[in-house]
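Contents: one structure, followed by commentary.
Quick note on labels: first sequence line is chain A, next is B, and so on, each numbered from 1.
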Amino acid sequence: MEHFRRLGDVPYPELAQSLKDGCLEMSLGPFSKRLKANNSQVTEFLQDAYRDVPVRTKLGDITDVAVTIKSPSWFRQYVRRQVVADPGFIVPAVPLPVRLSALSFEMGLNLAVALKCCRLVSFHAAVVGNEKGAIFISAHSGGGKSTLASALMVEGYRLFSDEFGLLDMSNSLLVPYPRPVSLKGDSINIVRDFTGADWLTPVLSDTPKGDIAYRRARPSDIEEADKKLSSKLIVFPVFTKGARPVAKELAKSEALMRLIPSSTNYHLLGQGGFEALTAMVAGARSYEIQYGNTDDSMKIVKDLAAGVGL
Amino acid sequence: MTKAWLKSIVRQSPLPSDPESLSDLVAFAEAHHVLGQMATVWQNEATGKLKDVFENAAIRTAFDHRMLAFEMGRIERALHGTGIAPVLLKGGAYVALELPASEGRRVADIDILVAEDDLEQTENRLKEAGWAFEETTDNEYDQAYYREFMHELPPLRHIRRRTVVDVHHRILPRTSRVLVKNDMLIDAAQHLKGRELRTFQPVDLFIHSSVHSFADGSFDTPARSLVELYFLFSGLSEADKSALAERSVTVGASMPVATALWALNEFFGEKVPGVGADSMIKPASALVRGAFRAKLENISGAYFAKLILYVRSHYLRMPIPQLALHLMRKAARQLVNAVKREDPLKSQ
């Protein structure tokens, strides 16, 4: 059986052929994927954004999800070409123009994982951590969690994920899933300034979500993706342009009630999900933070992290 | 798909050893809603990623079963004091009776059957308890159509919990060419211990499932239907198995039952009574059986087979003139809706 290799070490023709045949197996954190695409933009995006992720060009095992990037109809292969992600079941995926294939891939993969995952409690959140524990950043899209997560990575924290907070029901530990960090609008420039342009993919402009670029996970994030951590700090960031920085500690009950609606699958999991979530909240301190710029949010989070011994 | 896949799903034959075939099989099982059943019968052998995938499926199914148990209680509560003990159909019955056919089975909505005389009261009580018709069917034509010609009310969705109850008063549409004796099935139904809920007796569970698969609709979930029939059949006692043919004649369901037995023999190699040239019950014609086989084996193609089954489903459902009138009304409504609807591109 073929061994896993760094995606960046696979020659382009081999990668493209494997994707075309629908037998590229990608293993990252708790989820493995089978990917299929006959699309040079997807191939190039994978080479860039997933450079250090382990893959096999021939399927060596079954996978958690299978995603195909394809044309939404026969007609759209030729005229105003479009692509759509197909995870093998019906999802509300919007067809996008071919030039946005990378976005289609990322959104499709997120949707496939979010809708299919029942083994782990899944939250819409960014998570980073160091050897002592994890910081769980819960937020709506646009709340600034990806920028904050990127900034904390520069401070030496490991990236767990910027889209999925994943909670193991057997031990209430957070599970790393270091996919590329999705940056939108102004945050692209902010993150480029403090990480260097080398870590960002080219900008996709005029997408339905505005400008988008991805910050690649570092080799160390990926190598340590099997190390789970308990959550020590839970933050709910609220970005208001020009606002003065404030942190307000939340009661555990309040934090719990805010986290439940941000989960994609809590309602399905019954007792196991409830017990894992209450244990996570019980073991951490929770804060709502308001801020007007990234520097402020960094300062607050670093102070709070120091306060819980991170 | 192949016969071998169906046998692997129910554990009649081993799982394919090469990863690509296994991956295709698992994807097929998931797309056709039988991954949960497969996970149940293979859970002790699975290792590695397969174990993860099966565990995931089991957690998902457990939710369905909890939902079902909860909603059964709410239906019972809604009908409390009326003396109506609805018959749980299909998945609801299998789960309540803890049959092998329930293990790993996904359940989306709850189907219940009440005597036609109890229909109005059942409907009113469920509405008082928070169930309501959905917007798409809450119009005069649909309501009249369901009530006059169909075997069930339009789906009732709970306004807060969003769960769906289908209230049946017959097994098949009133106009169906297959005339199942509803009263005989209801009369033989058995109470769940200590509850105001009933289920069909074991032989009738198999008969109803056969009717649902082979005398209603166009075999749209072939793998799921056959896996269900397989587990129902293997759960029957020997006495029940030998009583099956005669009972199916008595209740007017011999064609679908004979077809189901043929299918079990054809796809699982089950030795079943009532199959063969000398049997007392006759399956659907060779043409229709061929179409069932083709649709199962080539789910994305088999256009001719699908056409045959589609035409057959309507032929079985109602007389031609009535069907023509109904399809014309539906087409006209679609046209009106299409004109009414704004161009989605313009509104952006």
> Checking heavy atoms, do the side chain of A:Leu269, its backbone, both or neither come under 4.5 Å from chain B?
Replying inline: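 For A:Leu269, backbone and side chain are both near chain B.
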> Is chain B contacted by the side chain of A:Lys58, its backbone, both, or neither, given a heavy-atom distance below 4.5 Å?
Replying inline: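 Interface part for A:Lys58: side chain.
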>> Can you confirm if the aromatic rings of A:Phe123 and A:Phe136 lie within a centre distance of less than 6.0 Å?
In response: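 Judged by ring-centre distance (under 6.0 Å), A:Phe136 and A:Phe123 do meet the cut-off.
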> With a 6.0 Å cut-off on ring centres, are A:Tyr177 and A:Phe160 close enough?
Replying inline: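 For A:Tyr177 and A:Phe160, the ring centres are not under 6.0 Å apart.
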> With respect to chain A, which residue among B:Leu25, B:Asp24, B:Ile59 yields the maximal number of heavy-atom pairs within a distance under 4.5 Å?
Replying inline: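 The option with the most such pairs is B:Ile59.
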> Looking at B:Trp131, is B:Arg161 sitting on its ring face, NZ or CZ under 6.0 Å from the six-membered ring centre and within 45 degrees of the normal?
Replying inline: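 The answer is yes, since B:Arg161 meets both limits relative to B:Trp131.
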> A:Gly272, A:Gly60, A:Gly88, A:Ala66: which one forms the most heavy-atom pairs within less than 4.5 Å of chain B?
Replying inline: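 Max contact count across the listed options: A:Gly60.
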> Should we say atom NZ of A:Lys33 is surrounded by more than 12 heavy atoms from elsewhere, each under 6.0 Å from it?
Replying inline: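 Yes, NZ of A:Lys33 has more than 12 neighbouring heavy atoms, counting only those of other groups under 6.0 Å.
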